[in-house]
Amino acid sequence: MTLYTPALFKEERPEVVLRLMREARLCLLVSNGAGGVPDISHIPLQTDGKRVVGHLARANPHWKALREAGRAIAVFPGPEGYISPNSYPTKAETHRVVPTWNYEAVHAEGPVEIVEDAARLREIVTALTDQHEAKSAAPWSVDDAPAEFIASQLKGIVGVVLTIESLTGKRKLSQNRNEADRKGALDGLGPEDAALARSMRAARDGG
């Protein structure tokens, strides 16, 4: 078990799981480490639903540990936020309510490959850059930098390719509350939780 997922919060629709992975921003790459403590890196990741691709600084010892461990879990976090009991109509009726935290996440598990080939590394960083520059009015491209500079930068990183063997999607978005409490939880969110509100509405409407 990599993620505790009650049936009510389990997300198994491939298109929804893939969307959550692609919308995630800074992800976690986790593998078995020494002394029973996991090795964890915070890095952006890209996926096509079959593989998870990213890169680590060569100075980061995690890549050597990944090569030794052979497997890893990529964690794709989504919107999250605190839900106050004060937002539930049930509070006024019974007071039998407690706070909770709503969130979305996907865990992808599988074997990992370490990439040191310069051409493949350039492909990895180019694809990741293009993805995150896509919304810019004037996107920056890897080709905008001098070739010798990029070549020197590539020497400072290693690529990581995780082949997905299992996916676990979780969307804890008040599905365990009655309709009035779900509406109250939504109404109680502030502007800082706009992304979470969109997810909660989508879950409520079957999306």
Side-chain angles (χ1 to χ4, degrees), residues 1-6 9-12 14 16-83 99-118 120-133 142 153-173 192-193 195-196 199:
M1 182 186 73
T2 62
L3 177 64
Y4 171 61
T5 312
F9 303 140
K10 185 178 295 185
E11 180 54 72
E12 297 181 302
V16 176
V17 171
L18 182 59
R19 175 180 61 78
L20 294 175
M21 295 168 74
R22 287 178 169 171
E23 289 178 352
R25 293 168 62 85
L26 191 63
C27 304
L28 299 175
L29 191 63
V30 185
S31 61
N32 288 337
V37 177
D39 291 318
I40 304 171
S41 290
H42 295 251
I43 57 175
L45 294 170
Q46 191 172 46
T47 186
D48 59 4
K50 298 178 180 179
R51 304 185 311 159
V52 174
V53 182
H55 63 272
L56 296 166
R58 185 172 287 274
N60 182 348
H62 192 183
W63 72 269
K64 295 180 180 178
L66 278 165
R67 176 174 277 170
E68 182 175 343
R71 297 183 66 80
I73 295 175
V75 179
F76 296 81
E80 44 77 25
Y82 175 75
I83 305 298
T100 193
W101 208 280
N102 278 1
Y103 65 94
E104 294 179 295
V106 176
H107 287 197
E109 181 181 354
V112 292
E113 174 195 4
I114 300 301
V115 178
E116 298 185 77
D117 176 74
R120 289 185 66 191
L121 284 173
R122 186 183 178 96
E123 290 177 359
I124 289 172
V125 298
T126 297
L128 191 61
T129 298
D130 289 349
Q131 174 181 313
H132 290 286
E133 288 282 339
V142 171
Q153 293 295 296
L154 292 178
K155 293 178 181 178
I157 64 172
V158 295
V160 179
V161 178
L162 182 154
T163 299
I164 299 173
E165 288 186 345
S166 67
L167 281 171
T168 305
K170 184 173 182 178
R171 303 174 76 201
K172 181 179 177 295
L173 301 169
E192 71 278 8
D193 291 316
L196 178 60
S199 293

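All values below were derived from every heavy atom in this structure, side-chain atoms included, with hydrogens, water molecules and symmetry-related copies excluded.
Using a 4.5 Å heavy-atom threshold, the side chains of P44 and L26 count as touching. By the 4.5 Å heavy-atom criterion applied to side chains, R122 and L154 are counted as neighbours. For the pair T47 and R22, the minimum side-chain heavy-atom distance is below 4.5 Å.
In this structure a side-chain-to-backbone donor-acceptor pair under 3.5 Å is missing from S41 to I43.
In the displayed structure, N60 atom CG is contacted under 6.0 Å by more than 12 heavy atoms of other residues, nucleotides or ligands.
To the nearest 0.5 Å, the span separating CD1 on I73 from OG on S31 amounts to 9.5 Å. Put simply, CG on L56 and CG on L66 are 6.5 Å apart, with the number rounded to the nearest 0.5 Å. Residue L45 holds its CG atom at 14.0 Å from CZ of R25, rounded to the nearest 0.5 Å. Of the inter-residue distances, the one linking Q46 atom CD with Q131 atom CD reads 4.5 Å to the nearest 0.5 angstrom. The CG atom of L3 lies 11.5 Å from the CG atom of L167; values are rounded to the nearest 0.5 Å.
When every heavy atom of V30 is checked against every heavy atom of P38, the shortest pair comes out as CG1-CB, 3.9 Å. The shortest non-hydrogen separation linking Y103 to K170 is OH-NZ, 2.7 Å. Annotation for S199 and P79: closest pair OG-CG, 3.6 Å, computed over non-hydrogen atoms. Residue A65 comes nearest to D39 through the heavy atom pair CB-OD2, 3.3 Å, listed as atom of the first residue, atom of the second, then distance. Shown here for V142 and V125, the closest heavy-atom pair between the two residues is CG2-O, 4.3 Å. M21 and V52 get closest at one heavy-atom pair: CE-CG2, 4.3 Å.
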(request) For side chain to side chain contact (heavy atoms under 4.5 Å, CB included), just list the numbers for E165 and R71, CA-CA rounded to whole Å, side-chain angles, deciding distance to a tenth of an Å, and then say yes or no. (result) CA-CA 10 Å; E165 288 186 345; R71 297 183 66 80; 3.0 Å; yes
(message) Please evaluate residues V160 and L29 with respect to the criterion side chain to side chain contact (heavy atoms under 4.5 Å, CB included), reporting the C-alpha separation (whole Å), side-chain torsions for both, the decisive distance (0.1 Å), and the verdict.
(response) CA-CA 10 Å; V160 179; L29 191 63; 3.9 Å; yes
(request) Let me see the working for E68 and K64 under salt bridge (charged side-chain N to carboxylate O under 4.0 Å, His left out), right down to the final yes or no. (result) CA-CA 6 Å; E68 182 175 343; K64 295 180 180 178; over 6 Å; no
(message) Walk me through whether V16 and R19 qualify under side chain to side chain contact (heavy atoms under 4.5 Å, CB included).
(response) CA-CA 5 Å; V16 176; R19 175 180 61 78; 3.7 Å; yes
(request) Please test R67 against E116 for salt bridge (charged side-chain N to carboxylate O under 4.0 Å, His left out), starting from the C-alpha separation and ending with a verdict. (result) CA-CA 12 Å; R67 176 174 277 170; E116 298 185 77; 3.0 Å; yes
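Residues satisfying the salt bridge (Lys or Arg N to Asp or Glu O under 4.0 Å) criterion with E12, sequence neighbours excluded, are absent altogether.
If you check the side chains of K172 and T5, you find no donor sitting under 3.5 Å from an acceptor.
Salt bridge status for R120 with E113: present, with a side-chain N to carboxylate O gap under 4.0 Å.
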